[in-house]
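These numbers come from a predicted model, not from an experiment. In each ligand, atom 1 is the first atom listed, and ligand 1 is the first ligand listed. Atoms considered below: every heavy atom in the structure, side chains included; atoms not considered: hydrogens, waters and symmetry mates.
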Amino acid sequence: MKKRKNIITVAIDSPAAAGAGTQAKLLAKHFNLLYLDTGKIYRYIGKLKIKTGSKFTHSFVKKKIDKMKLNYLKNKTLLSNEVAIMASIIARDKKIRDIVQKFQQKCAYQPPLKYRGSVLDGRDIITIQVKDAMFKFYITASLKVRAKRRFREYKNLNKKISYKEVVKSLRIRDKSDKERKYGPLKKTKESILINTTKLSKKACFNKIKAIMEKKLNN
Ligand code: C5P
């Protein structure tokens, strides 16, 4: 993969609903970076699996990902719990992870010239996708706080789901994402831990921003 020189690369790994997406968006805006929510790619593939059934093969997925545009990932239907669960099932498949890799690394290393760099969040961004990122953050929060946040988001989207179901779904995904063979979620030694359990969005952003500015201004 060719790499644009002198760009800022930010890699974030986190379990679901820990606030990584919120922070990544704020960082993208503040530092003028391309933002890629990699979970949305797995959700897009998960939705394809739900919709297409037996047509769903690796070559079918590859064709779809080769044609995929960033704005496909903004589709609100990707936000459902059903799609999230299917995303974490198909994400165990090594061939699917390999198909997604090229798209992710292109965003990370060759962001359009109007951006100063990129910020990607997901489960294997630090460990596999952008191993040499300039900044590496592992963002987490307690299961209870994550479930509360996700439940509130579902409510705002008018999705009918109970708090209990949200907890259950996050538990299942945490387990699958951490214990799978390929690209499991884990914190590496060099990544900076940000625990958002007791931090507001703003406090969390200020903390990350300060870490980045210190290095960038050196
Ligand atoms: O981040 P989000 O909850 O949208 O991700 C949906 C699912 O996609 C996750 O539960 C995980 O299984 C998968 N995923 C992944 N690798 C990534 C990002 C997401 O396996 N880099």
Side-chain angles (χ1 to χ4, degrees), residues 9-25 28 34-50 61 64-65 68 70 72-109 118-131 133 136-141 143 145-154 157 159 161 165-188 191 194 196:
T9 46
V10 185
I12 303 175
D13 281 329
S14 81
T22 304
Q23 294 305 318
K25 269 185 224 154
L34 171 71
Y35 169 48
L36 178 66
D37 173 353
T38 66
K40 287 274 169 55
I41 307 174
Y42 291 95
R43 285 171 182 256
Y44 175 72
I45 299 171
K47 197 182 150 202
L48 283 177
K49 165 101 182 160
I50 295 169
V61 173
K64 289 284 187 187
I65 296 299
M68 190 176 71
L70 274 176
Y72 292 8
L73 304 178
K74 290 192 181 136
N75 194 315
K76 288 254 188 308
T77 60
L78 301 181
L79 300 175
S80 77
N81 187 50
E82 185 198 13
V83 169
I85 291 175
M86 187 55 88
S88 105
I89 294 170
I90 57 90
R92 292 193 209 127
D93 185 328
K94 167 93 166 62
K95 282 199 181 143
I96 289 194
R97 302 198 72 79
D98 290 345
I99 292 169
V100 170
Q101 178 151 324
K102 202 172 108 195
F103 186 92
Q104 294 178 133
Q105 293 187 332
K106 194 158 185 275
C107 289
Y109 292 117
S118 62
V119 50
L120 272 68
D121 73 339
R123 306 292 186 282
D124 64 341
I125 308 305
I126 298 167
T127 51
I128 298 176
Q129 306 304 328
V130 199
K131 278 186 183 165
K136 299 173 180 182
F137 297 103
Y138 185 89
I139 300 186
T140 191
L143 177 69
V145 164
R146 290 189 285 128
K148 271 190 185 163
R149 290 179 188 156
R150 185 48 48 92
F151 179 59
R152 211 180 305 132
E153 282 165 19
Y154 282 144
L157 289 163
K159 302 241 183 255
I161 184 165
E165 274 176 279
V166 175
V167 173
K168 190 176 158 207
S169 168
L170 288 181
R171 250 205 201 107
I172 293 171
R173 284 207 288 145
D174 279 356
K175 187 168 160 54
S176 175
D177 292 351
K178 286 179 181 168
E179 293 179 2
R180 70 183 173 214
K181 190 165 173 195
Y182 306 109
L185 171 68
K186 55 180 178 221
K187 187 194 166 298
T188 63
S191 38
I194 307 282
T196 71

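- We find that K94 and D98 are joined by a salt bridge, their nearest charged nitrogen and carboxylate oxygen being less than 4.0 Å apart.
- Under a 3.5 Å cut-off, the side chain of R146 and the backbone N or O of R149 do not form any donor-acceptor pair.
- In this structure, Q129 does not count as a contact residue of ligand 1, since none of its heavy atoms falls inside 4.0 Å of the ligand.
- Here D13 does not pair with K186 in a salt bridge; the nearest charged N to carboxylate O distance is not below 4.0 Å.
- Counting heavy atoms closer than 4.0 Å to ligand 1, residue R150 contributes nothing at all.
- Heavy-atom distances between R97 and ligand 1 reach below 4.0 Å in at least one pair.
- Ranking protein heavy atoms by distance to atom 4 (O) of ligand 1, first place goes to R43 NE, 2.6 Å.
- Remark: the backbone N or O of R152 is not paired with any side-chain donor or acceptor of K148 at under 3.5 angstrom.
- In summary, D37 and K40 engage in a salt bridge, as defined by a charged side-chain N under 4.0 Å from a carboxylate O.
- Counting heavy atoms from C-beta on, the side chains of I139 and D121 never come closer than 4.5 Å.
- Polar contact check, D177 against ligand 1: a nitrogen or oxygen pair lies under 3.5 Å apart.
- The protein atom (non-hydrogen) at minimum distance from atom 18 (C) of ligand 1 is T38 OG1, 3.3 Å.
- In this structure, atom 14 (N) of ligand 1 lies nearest to the protein heavy atom Y42 CD1, 3.5 Å.
- Nearest non-hydrogen protein atom to atom 6 (C) of ligand 1 is R173 NH1, 3.3 Å.
- Given atom 1 (O) of ligand 1, the protein heavy atom at minimum distance is R123 NH1, 3.1 Å.
- The protein atom (non-hydrogen) at minimum distance from atom 13 (C) of ligand 1 is A91 CB, 3.8 Å.
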